[in-house]
Amino acid sequence: MSRLIVVSNRVSPPSGAGEESVGGLAMALSAALREYSGVWFGWSGRTTPEFTGRLHIEKVGGVTAATVDLEEIDLEEYYNGYANKTLWPLFHYRVDIAAFDRAFDQGYRRVNRRFAETLAPLIQPDDIIWVHDYHLIPLARELRSLGVKNRIGFFLHIPWPAHQVFISLPRHRQLVESMFDYDLVGFQTAEYQQAFEEYVLNEAAGAVVREGQLSAFGRTLDVGAFPIGIDAPEFAEMLKTGRARRMRDLMTACTVFRHLIVGVDRLDYAKGLEERFLGFEHFLQQNPDLRREVLMLQIAPASREAVEAYQEIRGRLDALSGRINGEFADVDWAPFRYVNKTYRRDELAGIYGAARVGLVTPLRDGMNLVAKEFVAAQNPDDPGVLILSRFAGAARQMREALLVNPNSAEEVADALRRALNMDRAERIRRWRALFDNVQREDVAAWRDAFVRALRGAEELRPAMVS
Ligand code: ADQ
């Protein structure tokens, strides 16, 4: 069977339940590759004064990790710059804070070229290549220019924004044109796929050849929706571990006579943390009867600290959490616990398991795996309630959650009240439907569907459209 080569910005091969880095992509890829004896290629996380293209090869847990160092300027322009100051905010509808800087654009293309040049010699004729996320959109274009003819697929982990939002990106056309060098482009939801199609039809004079296949720029491209999931069997095993149980017991002991409301996110403005804090504050104001019955725990480890927008939001959240406790806490009780730490995955599973409510309210999110982890961790006989933003990709599959508009403090507060008052029969009914979905559409199903579609994608490259 052909090898699978996975390419993503960072490489973090599986190392057990504990210390993998925080982030949905890392979780998903280490789980996906565990089954394949594939190669995972990307940036080493280190910088050198000058780019050498030297590969570091390491075998970890059945996966060959091949990494390359970048220059400091690459990190500034490509990673902190174009990826995280331009594309990330724009694709999450934050045009107001997106930075448009030609140096970022050039750095982005330079690093994609460097990745392609370093990767190309590793590729064997039968390999299939699966590229991940917004850092590497033009990678196929660079690989093709080096003569790589293999099948190459791309999966976007974040939303594809609406047409009018996307065209605020300078050189948007070149970016989309470069996507037509892939054989298959996958999105998290049908909605993002449609937004992409709308762009291709309206801005690139493209056409729908048949369902799931587009033509434009003289080429054809397969497109599809592949909703990502969690590693359901691994998660179930993790719940049985001593650490998970201990953490659940500890959290249960901390909340005797009270309900735990939990939020777990990377500290990112797209996750709607400020709005969530305000929603919780509104809930406390509006529900004096329930005030002393809840403890909200928000876990939010810092991420992308080199980007100003992330430093600013951290300051605002510190102030807001202090204000909420200042306003409502008593000598023997405080309603809000806000921690900026990373936890082991088994410990997180235990925390979810002790919670009565999972509060997952991103302003925009490609999918959101925390929503799925929360559901997977619940006790079937007495499950907690998931409150989920309608702007998370996960809301498409998780209809039985309490869906809210995360921008509305009132809606979040109402949903909290409803969740806390929900009887057991309704909680079980909703949870069962959610759990079935989390089990069925898990990370293995996602990987297999994508790889199958990529293998089946049209063989001739480039396919000329008559
Ligand atoms: P992320 O934006 O990183 O992922 P998400 O899908 O929620 O978001 O994944 C976060 C992961 O990090 C979860 O597995 C969670 O358990 C873990 N995590 C969060 N906080 C943690 C903490 N304090 N300690 C330890 N682990 C923590 C991107 C997209 C998402 C998409 C994923 C996968 O933005 O929309 O769902 O990729 O495609």
Side-chain angles (χ1 to χ4, degrees), residues 6 8-10 12 14 17-32 83-84 87-89 91-94 130 132-135 154-161 186-189 191-192 225-232 234-235 238 243-244 247 262-273 297-304 310 337-353 358-377 386 388-389 391-398 438 441-443 446-447 450:
V6 163
S8 64
N9 173 57
R10 287 300 301 275
S12 56
E19 278 89 29
E20 284 107 305
S21 62
V22 177
L25 189 142
M27 302 296 140
L29 292 189
S30 39
N84 286 329
L87 293 182
W88 176 273
F91 280 40
H92 289 87
Y93 290 72
R94 292 298 305 272
W130 187 4
H132 290 264
D133 230 4
Y134 58 101
H135 315 84
F154 175 78
F155 184 77
L156 184 68
H157 289 256
I158 65 176
W160 184 273
F187 300 92
Q188 298 272 23
T189 69
E191 194 183 1
Y192 306 148
F226 301 89
I228 200 167
I230 63 167
D231 189 341
E234 187 229 36
F235 203 88
M238 220 159 53
R243 270 182 195 268
M247 191 53 124
V262 75
V264 175
D265 310 75
R266 274 187 310 100
L267 208 165
D268 192 306
Y269 50 82
K271 300 291 180 184
L273 292 165
L297 169 65
Q298 175 64 54
I299 299 177
S303 72
R304 304 177 192 167
Y310 288 75
R337 211 169 276 173
Y338 171 49
V339 290
N340 296 123
K341 269 173 66 177
T342 298
Y343 289 86
R344 292 172 54 96
R345 289 169 35 68
D346 42 13
E347 289 173 342
L348 271 188
I351 296 172
Y352 294 133
L359 196 49
V360 184
T361 54
L363 302 179
R364 297 276 162 188
D365 216 335
M367 174 57 62
N368 195 296
L369 294 176
V370 169
K372 298 187 174 188
E373 291 167 358
F374 174 80
V375 165
L386 175 66
L388 179 61
S389 162
F391 303 124
R396 299 270 131 191
Q397 297 162 296
M398 306 182 89
V438 168
E441 300 192 12
D442 76 345
V443 78
W446 167 77
R447 172 201 63 206
F450 190 93

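Indexing begins at 1, ligand by ligand and atom by atom, following the structure's order.
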Requested in this report: Ignoring angles and geometry beyond distance, decide whether Thr342 reaches within less than 3.5 Å of ligand 1 through its nitrogen or oxygen atoms.
Outcome: no
Query - Flag, side chain of Ser389 to backbone of Pro362, donor-acceptor distance under 3.5 Å - result: yes
Query raised in the report: What part of Leu348, side chain, backbone, both or neither, has a heavy atom within less than 4.0 angstrom of ligand 1?
Result: side chain
Query - Polar proximity ligand 1 side, Lys341 side, N/O cut 3.5 Å exclusive - result: yes
**Report entry** Qualifying residue, where the test is ring-ring contact (aromatic ring centres under 6.0 Å, His included) with Phe450 and the options are Phe187, Trp130, Phe154
**Finding:** Trp130
Report task. Using a strict 4.0 Å cut-off to heavy atoms of Val264, name the atoms of ligand 1 that fall inside it. Result -> 19 (C), 20 (N), 21 (C)
Query - Under 4.0 Å to a heavy atom of Arg266 - the qualifying atoms of ligand 1, by number - result: 1 (P), 2 (O), 3 (O)
Query - Nitrogen or oxygen of Lys271 less than 3.5 angstrom from that of ligand 1 - result: yes
Query raised in the report: By number and element, which atoms of ligand 1 are closer than 4.0 Å to a non-hydrogen atom of Val370?
Result: 7 (O), 15 (C)
Query raised in the report: Can you find a heavy atom in the side chain of Lys372 that is under 4.5 Å from one in the side chain of Phe235?
Result: no
Query raised in the report: Any idea which atoms of ligand 1 are less than 4.0 Å away from a heavy-atom of Trp88?
Result: 34 (O)
Query raised in the report: Does even one non-hydrogen atom of Phe91 get within less than 4.0 Å of ligand 1?
Result: no
Query - Under 3.5 Å donor-acceptor, Gln188 side chain and Ile228 backbone - result: yes
Requested in this report: Applying ring-ring contact (aromatic ring centres under 6.0 Å, His included) between Trp160 and each of Tyr192, Phe91, Tyr93, report the one that passes.
Outcome: Phe91
Query raised in the report: Considering Arg344, Glu347, Glu373, which one's heavy-atom position lies nearest to atom 15 (C) of ligand 1?
Result: Glu373
Query - Sidechain-backbone polar pair: Asp133 side chain, His135 backbone, donor-acceptor under 3.5 Å - result: no
Query raised in the report: Which ligand 1 atoms are under 4.0 Å away from a heavy-atom of Gly366?
Result: 35 (O)
Report task. Give yes if a backbone or side-chain nitrogen or oxygen of Met367 is under 3.5 Å from a nitrogen or oxygen of ligand 1, and no if not. Result -> yes
Query raised in the report: If you take all heavy atoms of Leu388 and Ala371, which pair is closest and at what distance?
Result: CD1-CB, 4.0 Å
Query raised in the report: Are the side chain of Tyr134 and the backbone of Trp88 linked by a donor-acceptor contact shorter than 3.5 Å?
Result: no
Query - Numbered atoms of ligand 1 (with element) below 4.0 Å of Gln188, judged on heavy atoms - result: 31 (C), 38 (O)
Requested in this report: Please confirm whether the backbone N or O of Ala300 pairs with a side-chain atom of Asn340, one donor and one acceptor, at under 3.5 Å?
Outcome: yes
Query raised in the report: Numbering the atoms of ligand 1 from 1, which are under 4.0 Å from a heavy atom of Tyr352?
Result: 16 (O)
Report summary line: ligand 1 atoms nearer than 4.0 angstrom to some heavy atom of Ile299 are 23 (N)
Query - Tyr338 backbone acceptor or donor facing Gln298 side chain under 3.5 Å - result: no
